[in-house]
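What follows is a single structure, written as structure tokens, with notes after it.
Quick note: numbers below take in every heavy atom, side chains included, and nothing from hydrogens, waters or symmetry partners. Values in this document were obtained by computation on a predicted structure and should not be read as measured data.
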Amino acid sequence: MKQTFLSIILLLSVLTGCTRPTEKQEQYTDYVNLFIGTGGHGHTFPGPVAPHGMIQPSPDTRIYEWDACSGYHYSDSVINGFSHTHLSGTGCGDYGDVLLMPTTGTQEIQDLGSESQEMAYASPFSHDEETAVPGYYSVFLKRYGVKAELTATKRAALHRYTFPQNRESGFIVDLDYSLQRQKNEEMHIEAISDTEIVGWKRTNGWAEKQNVGFYMQFSKPFTCEIIDTPAEVERGGKQTVADRAKALLRFETETDEEVLVKVGISAVDIDGARRNVEQEIPSWAFDSIATATRNEWNDYLKTVQVESNDETSKRIFYTALYHTAVHPSLFTDIDGRYRGMDGEIHQADTNEEIYTVYSLWDTFRALHPLLTVIDPQLNGKLIVSLMQKYREGGILPMWELAGNYTATMIGYHAVPVIVDAYMKGFDRIDGQELLQACLRSAEYDTTNIVASKRMIGGLMPISKYYKNTIGYIPYEKENESVAKGLEYAYNDWCISVLAQALGDTATAARYATLAQAYRNYFDANTKFMRGKDLNGNWHLPFNPRSSDHRNDDYCEGTAWQWAWFVPHDIEGLVELMGGQEDFTTRLDSLFNADSTIEGDLVSADISGLIGQYAHGNEPSHHITHMYNYIGQSWKTQQLVDTILYTQYFDNPDGLSGNEDCGQMSAWYVLNAMGFYQVCPGTPVYSVGRPIFDRVTINRPNGKPFVITVKNNSKENRYVQSICLNGKTLDTPFFNHSDLADGGEMVIEMGNTPLN
């Protein structure tokens with residue numbers, strides 16, 4: 001990333017055949033820094049991808065452990081090759097399918113053991129010779145003297161490699177490679193001509209049955225050697241035998257000779273991968289494809305136009321907006337076929353796409369609410385896709401990956417995604433069917449779920465039985481009992497809202513009662529949410545700073561962070577804590593407490609600490625806006641300002657925690673514009689601290705919503721007045737309908753706190 005911002009713009013000018021755009025032709029992609037989040041624990045990747053694209057060609061710099069979740073880490077100096085499936089910002093690793101590496105000279109493929117993050121054919125590289133912009137990635141591979149360039153459409157990738165003169169040039173196609181070394185259950189690779197390679201594999205990793213077929217076409221004929229005999233390898237300090245599936249391609253090249261490669265993938269079959277290539281990349285026109293993908297990104301990014309002299313904040317903002325459109329990812333082939341949750345091949349309805357990579361524990365909070373603002377049609381498609389997964393698999397996913405239930409994380413947060421959209425006008429599916437899908441997730445019923453026994457146990461844990469029968473989850477019966485209980489209460493409240501909107505008063509009443517179960521975890525003496533046993537006794541010993549990752553009463557957090565997860569009943573939580581004065585004191589103490597976390601296995605997800613507030617992980621994301629509910633809005637404004645300027649940066653370490661498939665960035669996008677939705681399911685936005693002089697949200701209905709900020713500066717971080725469509729607001733809240741119908745909000749800022 002050492003290339004200057006200007007040099008990247010010049011590169012784009014070469015790709016597009018034009019000079020730097022005028023202000024009226026502003027290219028918002030110019031503000032995207034794809035290396036933000038590739039350092040620290042952001043877990044993003046810099047390779048090119050179309051918005052919500054199926055294929056993600058990107059360099060892999062490491063294989064194992066937490067910071068290999070995306071395959072790339074900015075601190076590394078060696079590239080293993082370019083695989084075609086990647087996850088953006090997750091805390092679990094998978095994918096890294098169909099790796100391609102150009103070579104010159106001897107092709108080394110011996111196994112280096114599980115202690116090595118490198119493949120035998122890896123090459124050193126320098127960030128000084130690396131470029132990444134939306135739709136385009138380039139790097140120079142020092143070992144081979146080859147320049148690599150990548151671009152992508154929604155379902156296919158195009159590579160361009162510039163070789164030196166060499167009589168032993170070629171490629172390694174490595175099918176048995178994957179991130180985190182998933183178990184290869186099935187593999188096949190073959191050359192079907194002297195310019196085409198195809199293959200198929202099924203892996204067992206985070207996704208228990210991930211299927212991927214590929215088709216590659218090369219612009220230069222090759223000779224091919226297939227390596228498909230098992231080999232002895234070292235794994236975890238022990239020798240074992242592993243299957244292999246590699247193709248070693250060879251040819252001669254002249255000085256600066258370009259060799260191009262088309263790559264298609266499919267979860268259905270090899271023919272689907274081939275058709276994806278044939279339909280989306282019919283020519284070898286690399287530059288025009290890169291330009292077209294860049295233009296797709298520009299169309300997405302210009303849904304929000306921000307005006308400011310703060311160029312750094314604009315780069316952070318548009319990079320964040322970019323990250324909100326990497327996942328969920330397209331899962332239907334060009335012919336509409338896809339692999340369903342039942343493992344069968346299905347045909348999607350015309351113009352109806354199915355998606356994958358649903359990180360719902362994260363994204364229900366800000367990503368999906370953001371999409372209801374800037375692209376409700378896409379959000380609707382994502383919900384239609386979720387409901388199709390429900391029909392095929394028997395239950396809504398918790399965290400879906402490659403057509404698989406993973407049962408990762410807690411709660412059933414497909415419910416707030418569905419309910420929030422419904423309350424904002426989503427009407428593509430009958431409300432009664434939506435309600436039945438939501439109820440299925442809330443009840444304890446392990447039957448008729450199409451998944452392994454292990455997955456069913458995660459999708460339908462015994463905790464649901466206890467929350468529905470005795471009103472709380474005994475800690476000795478299940479880990480993370482408090483976090484699960486609090487999230488279940490919120491999820492059940494969402495169900496009550498949907499039932500009420502549909503006129504089902506009995507269901508609404510039952511789930512409104514279940515939504516009050518958060519009270520059962522509150523300890524009036526300590527003022528924390530605590531675990532209790534089957535007899536109603538508090539879990540001892542108790543330390544609100546203690547963290548035993550995934551083994552205690554909380555989930556990726558402590559009692560300090562989880563005391564506030566009652567987004568659906570803040571008024572009730574205030575009363576529970578002793579009234580507004582006591583609540584305010586407790587909330588203040590969260591941000592002022594010592595940041596020490598204690599325990600033998602402290603969760604690495606507890607990061608971005610301000611006191612005991614942890615912005616680097618999702619359970620804290622709504623908390624700053626709670627001050628708006630108790631008449632101390634200036635504290636919301638002050639804290640949001642602090643987070644925007646101290647937790648997000650224009651460099652590889654620019655995120656304070658995992659990106660989590662767009663959630664961390666969606667929080668930034670919404671709050672930088674000036675508002676946030678505290679409780680998805682209630683279509684109300686809380687005003688915070690806008691940082692741009694003017695924001696125009698270009699709604700798809702042609703009715704823009706404009707936020708004009710007067711007296712804006714870093715010093716003037718306090719709201720003095722809010723005027724919505726000519727009317728002064730008495731409280732820092734406005735409705736989704738106010739935004740959906742277009743209009744203007746004028747916010748006047750100052751350096752004096754006001755309540």
Next item on the list: Assign the ring pair F675 / F734 to parallel, tilted or perpendicular, where the plane angle (0 to 90°) is split at 30° and 60°.
Entry: perpendicular
Check: Mind checking whether F583 and W564 have parallel, tilted or perpendicular rings, split at 30° and 60°?
Finding: perpendicular
Would you say that [X] contacts [Y] through its side chain, given a criterion of any heavy-atom pair below 4.5 Å between the two side chains?
{"X": "C679", "Y": "W493", "value": "yes"}
{"X": "D600", "Y": "D548", "value": "no"}
{"X": "T752", "Y": "W634", "value": "no"}
{"X": "L401", "Y": "Y95", "value": "yes"}
{"X": "I418", "Y": "L396", "value": "yes"}
{"X": "L34", "Y": "T319", "value": "no"}

Among side-chain atoms of [X] and [Y], is any donor-acceptor pair under 3.5 angstrom?
{"X": "S589", "Y": "W560", "value": "no"}
{"X": "D582", "Y": "T585", "value": "no"}
{"X": "T708", "Y": "R694", "value": "yes"}
{"X": "N735", "Y": "S737", "value": "no"}

Set of residues satisfying side-chain contact (heavy atoms from CB on, under 4.5 Å) with respect to [X], sequence neighbours excluded:
{"X": "A489", "value": "Y518, H568"}
{"X": "D420", "value": "P369, T372, K424, Q677, P680"}
{"X": "S463", "value": "P461, I473, E478, K484, Y488"}
{"X": "D588", "value": "T584, N592, Y627, K635"}

[X] side chain to [Y] backbone, donor-acceptor under 3.5 Å:
{"X": "Y28", "Y": "T303", "answer": "no"}
{"X": "T324", "Y": "L321", "answer": "yes"}
{"X": "N628", "Y": "V687", "answer": "yes"}
{"X": "H127", "Y": "Y74", "answer": "yes"}
{"X": "W361", "Y": "G411", "answer": "no"}
{"X": "H43", "Y": "W66", "answer": "yes"}
{"X": "E480", "Y": "C555", "answer": "no"}
{"X": "S496", "Y": "Y511", "answer": "no"}
{"X": "Q180", "Y": "E65", "answer": "yes"}
{"X": "S546", "Y": "F542", "answer": "no"}

Notebook entry, point to check: Is E487 salt-bridged to K467, going by a charged N under 4.0 Å from an acidic O?
Noted result: no
Item checked: side chain to side chain contact (heavy atoms under 4.5 Å, CB included) partner of P690, the single match among M745, M749, R717 -> M749
Margin query: Aromatic contact between Y648 and H615, with the criterion being ring centroids under 6.0 Å apart: yes or no?
Written below: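 Ring centres of H615 and Y648 closer than 6.0 Å.
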Margin query: Suppose we call two aromatic rings close when their centres sit under 6.0 Å apart. Are H86 and F45 close by that rule?
Written below: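 Close enough - the centres of the two rings lie under 6.0 Å apart.
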Residues in salt bridge (charged side-chain N to carboxylate O under 4.0 Å, His left out) with [X], at least two apart?
{"X": "E748", "result": "none"}
{"X": "E618", "result": "none"}
{"X": "D76", "result": "R62"}

Once ring pair (Phe, Tyr, Trp, His ring centres under 6.0 Å) is applied, do any residues pair with [X], and if so which ones, sequence neighbours excluded?
{"X": "Y72", "result": "none"}
{"X": "H625", "result": "Y676"}
{"X": "F692", "result": "F317"}

Once you round to the nearest 0.5 Å, how far does [atom1] of [X] lie from [atom2] of [Y]?
{"X": "Q637", "Y": "T642", "atom1": "CD", "atom2": "OG1", "answer": "11.5 Å"}
{"X": "N379", "Y": "L371", "atom1": "CG", "atom2": "CG", "answer": "5.0 Å"}
{"X": "K314", "Y": "Y318", "atom1": "NZ", "atom2": "OH", "answer": "7.0 Å"}
{"X": "N658", "Y": "C69", "atom1": "CG", "atom2": "SG", "answer": "7.0 Å"}
{"X": "S633", "Y": "Q638", "atom1": "OG", "atom2": "CD", "answer": "12.5 Å"}
{"X": "W562", "Y": "Y554", "atom1": "CH2", "atom2": "OH", "answer": "10.5 Å"}

Locate the shortest heavy-atom distance separating [X] from [Y]; write the atom from each residue and the value.
{"X": "A414", "Y": "L386", "value": "CB-CD1, 4.3 Å"}
{"X": "H413", "Y": "N491", "value": "ND1-ND2, 3.0 Å"}
{"X": "H41", "Y": "D67", "value": "ND1-OD1, 2.9 Å"}

Next item on the list: Decide side-chain hydrogen bond (donor to acceptor under 3.5 Å, both in side chains) for S547 and E598; before the verdict, give the C-alpha distance in whole Å, the side-chain angles of both, and the deciding distance to 0.1 Å.
Entry: CA-CA 6 Å; S547 170; E598 301 170 356; over 6 Å; no
Next item on the list: May I have all residue pairs that pass salt bridge (charged side-chain N to carboxylate O under 4.0 Å, His left out) and include part of residues 523-544, sequence neighbours excluded?
Entry: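 Residue pairs with at least one partner in residues 523-544: D523-R530.
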Margin query: Applying the side chain to side chain donor-acceptor pair (under 3.5 Å) criterion to R689, which one of D641, T624, N716 satisfies it?
Written below: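 The option that passes is D641.
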Item checked: Test applied, side chain to side chain donor-acceptor pair (under 3.5 Å); reference residue, S603; option that passes from R550, H549, E556 -> H549
Check: Is there a side-chain hydrogen bond (donor to acceptor under 3.5 Å, both in side chains) between Y629 and E571 once you walk through the steps?
Finding: CA-CA 8 Å; Y629 292 78; E571 182 179 348; over 6 Å; no
Checklist line | side-chain hydrogen bond (donor to acceptor under 3.5 Å, both in side chains) assessment of T406 paired with E400 | finding: CA-CA 6 Å; T406 69; E400 182 273 349; over 6 Å; no
Next item on the list: Please assess S656 against Q647 for the test side-chain hydrogen bond (donor to acceptor under 3.5 Å, both in side chains), listing each intermediate value before the final yes or no.
Entry: CA-CA 6 Å; S656 59; Q647 301 270 336; 2.9 Å; yes
Check: With S308, which residues qualify under side chain to side chain donor-acceptor pair (under 3.5 Å), at least two apart?
Finding: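 Once residues adjacent in sequence are excluded, S308 has no partner under the side chain to side chain donor-acceptor pair (under 3.5 Å) criterion.
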